[in-house]
Number of protein chains: 2
Amino acid sequence: MTTRTARAQAPAGYDPSQFPAFAVTVDIVILTMVQGELQVLLVRRGQAPFDGMWAVPGGFKLPTETLDQAAQRELVEETRVDAASLLTQFGAYGDPGRDPRMNVVTVAYLAVLRDVGTVVAGSDAAEAALVKVADVLDGSVELAFDHLRIVRDALARVRVELEVSGIATAFVGTTFTLAELRSVYEAVWGVHLDGANFRRSIVAEQGWVIPTGRHAQSGPAGGKPAELFRAGRAWKHGGPIRRPRRLTKGK
Amino acid sequence: MTTRTARAQAPAGYDPSQFPAFAVTVDIVILTMVQGELQVLLVRRGQAPFDGMWAVPGGFKLPTETLDQAAQRELVEETRVDAASLLTQFGAYGDPGRDPRMNVVTVAYLAVLRDVGTVVAGSDAAEAALVKVADVLDGSVELAFDHLRIVRDALARVRVELEVSGIATAFVGTTFTLAELRSVYEAVWGVHLDGANFRRSIVAEQGWVIPTGRHAQSGPAGGKPAELFRAGRAWKHGGPIRRPRRLTKGK
DNA sequence: CCCGGTTCTGGTCGATATGACGTGAACTTG
DNA sequence: CAAGTTCACGTCATATCGACCAGAACCGGG
């Protein structure tokens, strides 16, 4: 096929009136934790294509807003939750034919929320539900468009995000025990973590968790009451990624 | 301002004929290393806006190609270099007014090349040049649009890429000494690395470098001839990111 | 040809980080 | 109050990391 619909070399010389038109959308992979299970908020489509199928919530970007603002707006519309800092852009998707009706490029965001369940009802979407991420990955729940790939990429992103930032605290409440926080890591990474070592590592990390003086109540099985922490603010960054650690350092 | 030009809630109910039209472009931050200096390939704009200013090369995405393919095509047009695996998408930019003429969302890619200098001449751009990244960051060279931000984000990305992948080998030749490779890390991270420790770490990393039997010639100052390596293939990944290491592991 | 200068490469050593595990404290239920 | 559970803290062996040293292998000049 011949390219150059609009002098595909740009921007050093092109006709602004002559370019392929796209719709730009933002899609938000909203992750939450329900009883140790990682879940994703999906909406059911009410029209073709992919009528009746589940999809990641999203919507058009407006010319008057930034991508971040568009994602923010969609998040609020979907969950009534207003928390700018936890939105992380992680990819753009524009394969031809990904939407059979028109040319769409979508910019995908990751949002991590606690207990989004109560808030789903307030959505203005026709139908919204929390679905186990595992069911999406193994194909039990089929997603519209290329949303399976998007969810997969979101999951990959949150996995590294857990390690390099304190984003895990977004999964839990404003105060939480280290056992709760640990269960987030265990669910997302699919591993078992030693409680004592986990405590050592997390507390050593600067700005991730801050001890409140208070203690939680014991669970139904008893046990020593756990210390309550609140989130540090070491996980609000704007751009792509950071963390230039060293491979091996000299003098 | 009122939103909802096209029922901004989508995709659970919208009119496909009624949405804001955008141009979608791909911009490529092409980094290379010239005598220990990190440089970026820029093109000079030949028209308004930002006439005469430097910009990151890029161009329109076509409806018939993927974003990766568009980036690939632009890279070839700009440098005649064909190497798919070293293109990494790292961000999307769509602030209103970033292009005063129309609504443009750009998807930014990072490309790392060796010795792009000889190849710049073959570009079909009006004027292309390698510019020190430092000069861009400190404002000595002003960039058009929001390209300064894009270059900054690209640099942040390549910094972490160096650590988690063997991408550093893309900066050097097909065979290289560890001193050459080390100078890449030192330039990008802005630090001094101990040669002996660097060797230990790099060689321990699986699939990053592979020893050829051969040895390089000594430099003008003499010295023991360095062993020659070639790149392993541990740095071709598609999606966003990977690497779920653990914070602290249990049994 | 020897010698000082240079670079590469292998090794040592102490500090720190990590994984495994033990023990007492504090709370539950019966 | 006894038994069971969870949390908090400490210990210990091992692995990794940063600093550094010394020998090997090359250069140039005397």
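Reminder, nothing fancy here: chain letters follow the sequence lines and each chain counts from 1.
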Visitor: By side-chain contact (heavy atoms from CB on, under 4.5 Å), which residues pair with B:Thr174, not counting sequence neighbours?
Guide: none
Visitor: Would you check if A:Tyr109 and A:Ile150 make a side-chain contact, meaning some heavy-atom pair closer than 4.5 Å?
Guide: no
Visitor: Looking at residues at least two apart in the chain, or sitting in another chain, which of them share a side-chain hydrogen bond (donor to acceptor under 3.5 Å, both in side chains) with A:Glu186?
Guide: A:Arg182
Visitor: Output the rounded distance in Å from CG (A:Asn197) to C1' (C:dG19).
Guide: 6 Å
Visitor: Which one, C:dC8, C:dA25, D:dC20, comes nearest to the side chain of A:Lys224?
Guide: C:dA25
Visitor: Residues of residues 216-223 of chain B with any non-hydrogen atom less than 4.0 angstrom from an atom of DNA chain C: list those, numerically ordered, please.
Guide: B:Ala221, B:Gly222, B:Gly223
Visitor: Starting at atom CG of B:Leu181, determine the distance to atom P of C:dC8, rounded to an integer number of angstrom.
Guide: 12 Å
Visitor: For the residue pair B:Phe145 and B:His147, categorise the inter-ring angle as parallel (less than 30°), tilted (30 to 60°) or perpendicular (more than 60°).
Guide: tilted
Visitor: Taking the side chain as everything from C-beta on, heavy atoms only, tell me whether B:Phe229 gets closer than 4.5 Å to B:Ile210.
Guide: no
Visitor: Would you kindly check whether a donor in the side chain of A:Arg200 faces an acceptor in the base of D:dG10, or vice versa, at under 3.5 angstrom?
Guide: no
Visitor: Taking CD from B:Glu227 and C1' from D:dA24, how many angstroms apart are they, rounded to a whole number?
Guide: 14 Å
Visitor: Rounded to whole Å, how long is the line connecting atom CG of A:Leu178 with atom C1' of D:dC7?
Guide: 10 Å
Visitor: Could you tell me the separation between the CG atom of A:Leu193 and the P atom of C:dT18, rounded to a whole number of Å?
Guide: 13 Å
Visitor: Do A:Pro211 and A:Glu227 come close enough that some side-chain heavy atom pair is under 4.5 Å?
Guide: yes
Visitor: Nearest whole Å is fine: how far is C:dG11 C1' from B:Phe198 CZ?
Guide: 19 Å
Visitor: With the side chain of A:Ala226 defined as its heavy atoms from C-beta on, choose the nearest nucleotide among C:dT9, C:dC27, D:dA8.
Guide: D:dA8
Visitor: Once you round it to whole Å, what is the distance between C1' of C:dT18 and CD of A:Glu205?
Guide: 14 Å
Visitor: For A:Ala179, which contact category applies under a 4.0 Å heavy-atom criterion: base, sugar-phosphate, or nothing?
Guide: sugar-phosphate
Visitor: A:Ile202 has an atom CD1; how far is it from atom C1' of C:dA17, in whole Å?
Guide: 15 Å
Visitor: Where the side chain of B:Ala196 is defined as all heavy atoms beyond and including C-beta, which of C:dC8, D:dC20, C:dA26 is the nearest nucleotide?
Guide: D:dC20
Visitor: If the cut-off is 4.0 Å, is B:Arg199 near the phosphate of C:dC8, judged by side-chain N/O to OP1 or OP2?
Guide: no
Visitor: In the structure I gave you, are the side-chain heavy atoms of B:Glu37 and B:Gln35 within less than 4.5 Å of one another anywhere?
Guide: no
